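Working notes, beginning with the structure itself.
These numbers come from a predicted model, not from an experiment. The basis for the numbers below is simple: all heavy atoms, side chains too, and nothing from hydrogens, waters or symmetry mates.
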Amino acid sequence: MVIVVNNEKCTGCRICELICSAYHEGIFAPERSRVKIKSKISSADEPMLCRQCDKPPCVEACQYGALSKSDYGAILVDESKCVGCGICVDICPYNAISLDPNIKKPLICDLCNGDPMCVKWCPRKALKFNE
Amino acid sequence: MGRNELCTPLRGIKLIHGYCGKILRIDLSSGMIKEQKLDEILIKKYIGGRGFGAKLLYEETGKKTNALGPENVLMFFTGPLVGTILPGSSRHGVFAKSPLTEIFGEGTVGGHPGAELKYAGYDGVVIKGRADKPVCLWVHDGGAELKRAEHLWGKTTHKTESILKDEIDEKAKIASIGPAGENLVRYACITSDFGRQAGRTGMGAVMGSKLLKAIVVRGHGGLEVADMDALIEFSSEISDKLRENPITGGTIPKLGTSFMILVMNHLGVLPTRNFTDGVFEGAEQLSGERMQKEFVVRDRACLACPVGCGKITRINSGPYAGTIVEGPEFETLYALGSQCGNNVLESVAKANLLCDELGLDTISTGCVIGFAMECFERGIITDKDTDGIDLSFGNAEAMVQMVEKIGKREGIGDILAEGVRRASGKIGGGSEKFAMHVKGLEFPAYEPRGMKGVGLAFAVAGRGACHLKAGFHSYEISGKSDRFSSKEKGILLKESEDIMSIFDSLLMCKLIRGPLEPKDHAKALTLITGVKWKAGELMKVGERITNLVRMYNIREGLGRADDVLPERILTSELPRGPAMGNKIDKMELDKMLDEYYKVRGWDENGTPLDSKLRELDILNIWRFYGDRGQ
């Protein structure tokens with residue numbers, strides 16, 4: 001299971017950020033979304049979210065064993081093991097990881113239990129889900 | 001539930017969600033920054049946005065307030081829907097006494113700063129006074145401070161945004177003025193997100209008069225709503241409605257607002273060469289269809305909007321190669337295009353970019369340039385006045401040069417920067433007769449002689465000649481109202497104005513209004529705030545706000561005599577096209593006004609009757625603040 005991004009179609013509406021934070025956190029808070037849109041001007045905006053790497057650099061880099069790859073492909077975060085060092089944020093080649101602004105633990109796409117909300121809600125189909 | 005929220009629900013008698021519950025109060029003269037709590041009555045009577053703006057402007061400014069003086073109050077307000085996933089709910093409004101019209105000033109804009117302000121914990125910002133030296137306001141989670149901005153003064157809005165993103169936060173959302181606002185051009189705008197403007201009535205000049213260069217916002221918080229599941233489901237339904245509608249789901253995502261060029265030209269109501277014609281022979285070259293084919297490189301949307309009407313264009317060849325701009329929108333294609341007899345779309349894109357960077361309202365700017373062109377053609381001004389520029393209709397390069405002159409107040413630009421009403425007064429030679437404005441606000445892209453209800457709407461709109469206070473053109477294009485008749489406009493105009501007041505208070509985008517009804521907004525408001533709203537109650541708030549704005553203008557000295565149209569509309573007939581032979585003569589306008597005033601519950605001078613004010617529960621404001629001359 002992988003989310004595929006087509007940058008060219010992204011309009012920067014950030015509906016993905018809103019539905020992600022609503023689904024996971026119960027409020028509209030783009031800073032708590034697992035997908036973030038990088039704003040550009042003349043070229044298309046860029047969705048930054050986990051691509052479910054085959055060999056995830058974030059899992060490998062974590063010294064505390066807080067990250068693991070689930071059997072359906074998504075990266076799982078064990079908050080109890082995480083110390084908030086931020087190495088996963090730095091190492092991700094897709095800039096897909098950010099730290100929750102309040103508790104400072106990683107926000108990583110978990111594929112919404114197999115039915116990604118962002119894919120469903122993207123009005124321009126810039127996000128696709130390959131199962 | 002959320003953890004450690006910054007934007008907590010307002011705790012009143014009942015829990016009201018959707019609001020942060022506080023606004024920032026800034027006094028630039030003393031540097032003081034305070035937080036003020038929103039009260040429940042303000043929310044229930046005025047909702048937000050324009051409602052708050054009207055109430056506070058009424059109470060805190062008056063007849064003697066100098067619009068460019070420290071005592072003017074510059075306000076930025078969001079609404080309860082802003083920051084949610086409801087489509088189109090991403091706007092903010094700017095309100096102040098207008099230096100262009102000297103009456104109620106307002107501009108709304110989409111994009112991202114409104115929501116960011118909510119995520120930072122504030123529903124709005126109210127700014128008084130005047131800084132000693134240029135400053136910018138930095139608003140962040142639970143706090144704000146003034147930062148020095150001398151190094152930004154003189155820079156374009158785009159450059160200002162870039163620098164501030166580098167200096168403060170790369171994800172900050174920024175609203176700024178350019179040289180035009182600094183130079184107090186009376187129709188200077190406030191630019192945000194590189195391509196969006198709170199355009200009309202000179203809010204940028206008010207900001208410039210306060211030496212406030214930019215507002216920088218960054219919020220890491222979130223917005224709770226009363227019923228998240230139901231709101232998400234409702235938002236999905238609204239998205240479906242928008243997608244299924246051929247305009248919001250087809251034409252607008254594909255072409256943006258520019259599709260209107262050929263629509264209006266086809267009806268014979270595309271203002272051309274300073275309203276001397278309603279058909280422009282160059283319309284095809286300015287059309288949205290051509291723009292899409294040759295110049296658009298990507299689409300851009302405001303927060304939470306599935307439509308994505310923004311078009312980024314890039315000019316690759318010719319004298320304006322290298323221009324990259326969000327737009328031109330339909331209004332700009334009229335103002336810098338047909339209004340100037342100019343069919344060179346590339347030049348409109350270039351001039352649009354200049355307006356964005358200098359911080360100029362494209363509508364007023366283009367209307368003024370078209371006016372100046374007519375003066376030139378008639379010999380009222382000559383190339384001695386224009387520093388050698390051949391300001392004939394159709395001269396694209398001259399139009400582009402005029403934009404710079406206006407933004408910098410150079411040469412004749414200094415007179416034109418005053419707006420078409422004052423400029424025609426200074427230029428004289430009978431030019432007042434073809435200065436196309438109402439109450440000092442320049443005409444947007446609609447020829448009233450072929451859309452008589454639009455004529456009435458322009459004559460009575462609260463901020464001057466404005467197409468968005470009623471959006472009446474929609475009815476006369478669709479045929480819901482007969483565009484060549486001046487009968488039976490009053491009821492529909494009142495209804496549409498009150499609906500638009502609701503839009504301006506919730507801060508919803510009007511471009512998607514087609515498939516929506518007041519009951520949809522009432523439902524959205526109910527699901528978000530947790531307070532039960534019905535469509536009728538919402539309409540009453542809309543009516544209250546429209547009346548309050550009217551009262552503000554009356555206190556400034558306006559009356560029936562100002563609910564007029566320019567002489568050209570009243571006395572000259574359109575010369576050709578599908579609307580040929582039409583005008584709106586004084587008698588017709590009087591009849592429309594009489595009908596409208598009656599429907600509104602106003603007297604023959606257009607002053608709301610006491611009975612109407614009592615019904616709307618604002619009679620006390622009138623009596624208490626009626627004679628306030630500050």
From [atom1] ([X]) to [atom2] ([Y]), nearest 0.5 Å:
{"X": "B:H220", "Y": "A:R32", "atom1": "NE2", "atom2": "CZ", "value": "11.5 Å"}
{"X": "A:I15", "Y": "B:S239", "atom1": "CD1", "atom2": "OG", "value": "5.5 Å"}
{"X": "B:I232", "Y": "A:I19", "atom1": "CD1", "atom2": "CD1", "value": "4.0 Å"}
{"X": "B:I85", "Y": "A:R14", "atom1": "CD1", "atom2": "CZ", "value": "12.0 Å"}
{"X": "A:F28", "Y": "B:L231", "atom1": "CZ", "atom2": "CG", "value": "5.0 Å"}

Is chain A contacted by the side chain of [X], its backbone, both, or neither, given a heavy-atom distance below 4.5 Å?
{"X": "B:P87", "result": "neither"}
{"X": "B:T313", "result": "neither"}
{"X": "B:K173", "result": "side chain"}
{"X": "B:L303", "result": "both"}

Can you see which heavy atom on [X] is nearest to which on [Y], and at what distance?
{"X": "A:I27", "Y": "B:M228", "answer": "CA-CE, 3.6 Å"}
{"X": "A:L18", "Y": "B:A304", "answer": "CD1-CB, 3.7 Å"}
{"X": "A:C13", "Y": "B:A301", "answer": "CB-CB, 3.7 Å"}
{"X": "B:G222", "Y": "A:A29", "answer": "CA-CB, 3.6 Å"}
{"X": "B:V307", "Y": "A:R124", "answer": "O-NH2, 2.9 Å"}

Per-residue contact mode, A:S21 against chain B (heavy atom under 4.5 angstrom) =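 The answer is neither part of A:S21.
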query = At a heavy-atom separation under 4.5 Å, does A:C122 approach chain B through its side chain, its backbone, both, or neither?
reply = neither
ask   = Top residue by heavy-atom pair count (under 4.5 Å) with chain B, among A:A22, A:G12, A:C10, A:S43?
value = A:S43
key: Top of A:S39, A:C16, A:P30 for chain B proximity - count of heavy-atom pairs under 4.5 angstrom   =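 Top count of heavy-atom pairs under 4.5 Å with chain B: A:P30.
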Heavy atoms from other residues, nucleotides or ligands near [atom1] of [X] exceed 12 (cutoff 6.0 Å):
{"X": "A:D54", "atom1": "CG", "result": "no"}
{"X": "B:E233", "atom1": "CD", "result": "no"}
{"X": "A:E60", "atom1": "CD", "result": "no"}
{"X": "A:Y64", "atom1": "OH", "result": "no"}
{"X": "B:K171", "atom1": "NZ", "result": "yes"}
{"X": "B:K350", "atom1": "NZ", "result": "no"}

Any non-hydrogen side-chain atom of [X] less than 4.5 Å from a side-chain atom of [Y]?
{"X": "A:W121", "Y": "B:P306", "value": "no"}
{"X": "B:E326", "Y": "A:I41", "value": "no"}
{"X": "A:D45", "Y": "B:R298", "value": "yes"}

request  = Select, from B:D299, B:I324, B:I312, the one with the greatest count of heavy-atom pairs under 4.5 Å involving chain A.
outcome  = B:D299
request  = Select, from B:E170, B:R218, B:R314, the one with the greatest count of heavy-atom pairs under 4.5 Å involving chain A.
outcome  = B:R218
